[in-house]
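Accompanying notes for the structure given below.
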Amino acid sequence: MSTPFGQSTVLGYPRIGANRELKKAVEAYWAGTVDADGLASTAARLRAEVWRTLRDARLDAIPSNTFSYYDQVLDTAVAVGAIPTRFARLGLSALDTYFAMARGVDAEPALELTKWFDTNYHYLVPEIDEDTVFTPDPAKALGEYAEARDLGIPTRPVLVGPATFLLLAKGDDPLARLDDLVETYAEILTALAGAGVDWVQLDEPAYVADRSPAEIEALRRAYLRLGRLEHRPQIFVATYFGELGDALPALLDTPVEAIGLDLVAGPDNVRRLAAAGPLGGRTIVAGLVDGRNVWRTDLRAAVAAGATVAGLADHVAVSTSCSLLHVPVDLSAETRLDPQLAERLAFARQKIDEVVLLGRALRDGTTALPAPPPAAPVAWRHDDVRGRLAALRPTDRQRGDYPIRAARQQERLGLPELPTTTIGSFPQTTELRRARAAHRAGSLDDAGYRQRMRAEVEQVIRLQEKLGLDVLVHGEPERNDMVQYFGEQLDGFAATEHGWVQSYGSRCVRPPIIYGDVARKAPMTVDWSTYAQSLTSKPVKGMLTGPVTILAWSFVRTDQPLAVTADQVALALRDECRDLEAAGIRVIQVDEPALREMLPLRRVDQQAYLDWAVGAFRLATSGVADDTQIHTHLCYSEFGEVITAIDALDADVTSIEASRSKMEVLDDLAETGYGRGVGPGVWDIHSPRVPPRDEVVEALRRAVAAVPARRLWVNPDCGLKTRGYPEVEASLRHLVAAAAEVRDS
């Protein structure tokens, strides 16, 4: 007899722990201060806490196998045996092989790291080729299911679905291996059924993006095969981050028992569902609670949308729109937020309560739901900012012609061919973090804190001079995060104390909340940059985070278009650029690593986004003179879809992550006729390995073959915040030496 799905569920939950316990345990294992058993013990405790939280909240259906030491796509690669030979032959333990794929080792660079759809989460890209031998390994999914069962909690194991897994993979034609992979999934599902699993969740978010008829047919074929298994759990195919489109009829043509639809990012899913015809007794899992933002759900509007779906399907369950991995754990930990703001917010724990309330409302037909939050207070408006936006002209987003700018900048800077630099941050040592914590706690006064940070800036400048870098940075010791730092100094932003969200692996961030109009209160970076410049005759870059990235890595207000909020941030940055220039800073870097991240998943929506994103960047950077050099930085690969937008940014120099992707982006740039300065990263800073000098020379030679040396810069992939000084010094020494070798050859 089949087990009903239940009335309420979530697609996943934060796995890092309320106090980042997983981050600390994993990093302790890497450092050798905790062994594998100690790491496993922490992981088991965190999993149990999550399952008990979901059970005690009265959630009907609870997921498992959503825990990960690093990344769920990497976990799925292990589950299907997609471990590249270059890692399998290292002879490491299973756990250390896993971390080698994630972080690299001296002998092998890591798997490529890129964005998870249009979120600020990053996944490790599987490597699939004709020699990959898929082998089922359901041990993790079975183990977590058994752990929860022993607690008296039945769960639904979750895996990335086979079609999405292949579409996310690296290879000439990954879908060519679909039939082989589906047979591996079939063995995993059979093993789960044998262990007593009633339901399994297979995530297929790749199908909310544009997909070819062949790719949609691959989805249908995969679930026809899995659905016809004689011994299997009931299958719930979860989709999220947008509208499912033409893939919905394909799924409905298979025997799967439940389909999840995101009704927050893809409200048109309701119309698609209505047009699909009879649903054949399937459960529709309606994603009514936003899993990616922190604002409270308008429960009355949500239940109305749920009721519409209930009119189409025999059974409807309420869920979050996607995994709650993307939001902080618990609002109740935030004791310093403005009450007017806090009453409008819901973190992961509060979103569970919203899901349960909506599930009961749909089941019981009740309308006794809380009223939506009140309108935003007038005090959150800035009429002067709105007036400046209304008065903007097209010329406010334009600079002089690039050849003229380039000549004036070279005359002013006098840089050599293949100039060397870094992206901005230097290692955030334990001592720095302690000093910031002491300053926040009041045990280190302003003068003492400033003195400590200035000492670090001087150390960083002296190190760069010793290594022979050409354009220096101040190292950003005063910055806790490249977005939070600015949010704490701008009106319209609120910072949390414990609002941590996983970005990748053990890397966690605390995204600020944009709740009102954005305005700059005072210069934010000028003192640090001018102090650093006073220590050296070499140019020091002013370091800013761009408007698109500030939006992407914040929780943004939803009561006005993103384009308006982006321009408000851009005006604040425009003023900062002018103040840096007036203070004598000759190079200003405005980072936009999230430009590709925010690109809508459907092509029909992309140009409108790129128009306002490029416009916001140019508004921020077009207020300076031609002889001030504007840099930008982008990372996490896969730039082909935004390559024309990168050109349209009109930055004088663009540094781009390129080491894991083997300089692939240079071909894209060449095809567009990109003619300004470019710095393809030659050192993967997301790995602890030090790249040998010969490896950097080889990367530079590939770059010089694609870009004239007079326009080429030499730099790492990204900032050095997460690295340690020994590896930074060694890697930068190799970088500088490699640049000199290629320059002289």
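- You'll find the side chain of Phe99 stays beyond 4.5 Å of the side chain of Val105, heavy atoms only.
- Residue Ser506 forms a side-chain contact (heavy atoms from CB on, under 4.5 Å) with just one option from Tyr29, Trp30, Tyr69, and that option is Trp30.
- Here the side chain of Ser731 pairs a donor or acceptor atom with the backbone of Glu727 at under 3.5 angstrom.
- Judged by the 6.0 Å distance and 45° axis criteria, Arg557 is not positioned over the aromatic ring of Tyr515.
- Here the side chains of Phe555 and Ile514 are not in contact, with every heavy-atom distance at 4.5 Å or above.
- The pair Glu478-Arg436 does not count as a salt bridge, with every side-chain nitrogen at least 4.0 angstrom from each carboxylate oxygen.
- In terms of the side chain to side chain contact (heavy atoms under 4.5 Å, CB included) criterion, residue partners of Thr654 (sequence neighbours excluded) are, by chain and number, Thr632, Leu634, Ile646, Ala651, Ile656, Tyr674.
- Between Glu488 and Arg479 there is no salt bridge, since none of the side-chain N atoms of the basic residue sits less than 4.0 Å from a carboxylate O of the acidic one.
- A side-chain donor-acceptor contact under 3.5 Å links Ser503 and His122.
- Using a 30° and 60° split on the angle between ring planes, Trp116 and Tyr123 fall in the perpendicular class, above 60°.
- A distance-only check finds no donor-acceptor pair linking the side chain of Lys170 to the backbone of Leu111 [under 3.5 Å].
- In this structure the side chain of Tyr121 reaches within 4.5 angstrom of the side chain of Asp71, judged on heavy atoms.
- With a 6.0 Å cutoff to the six-membered ring centre and a 45° limit on the axis angle, Arg47 counts as a cation-pi contact of Phe67.
- The distance between the ring centers of His686 and Tyr504 falls below 6.0 angstrom.
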Run the side-chain donor-acceptor check on residues 287-294: report pairs under 3.5 Å with partners two or more places apart or on a different chain.
residue: Asp290; atom: OD1; partner: Arg292; partner atom: N; Å: 2.8
residue: Asp290; atom: OD1; partner: Asn293; partner atom: N; Å: 3.4
residue: Arg292; atom: NH1; partner: Asp118; partner atom: OD1; Å: 2.9
residue: Arg292; atom: NH2; partner: Asp118; partner atom: O; Å: 2.7
residue: Asn293; atom: OD1; partner: Trp295; partner atom: NE1; Å: 3.4
residue: Asn293; atom: ND2; partner: Val556; partner atom: O; Å: 3.1

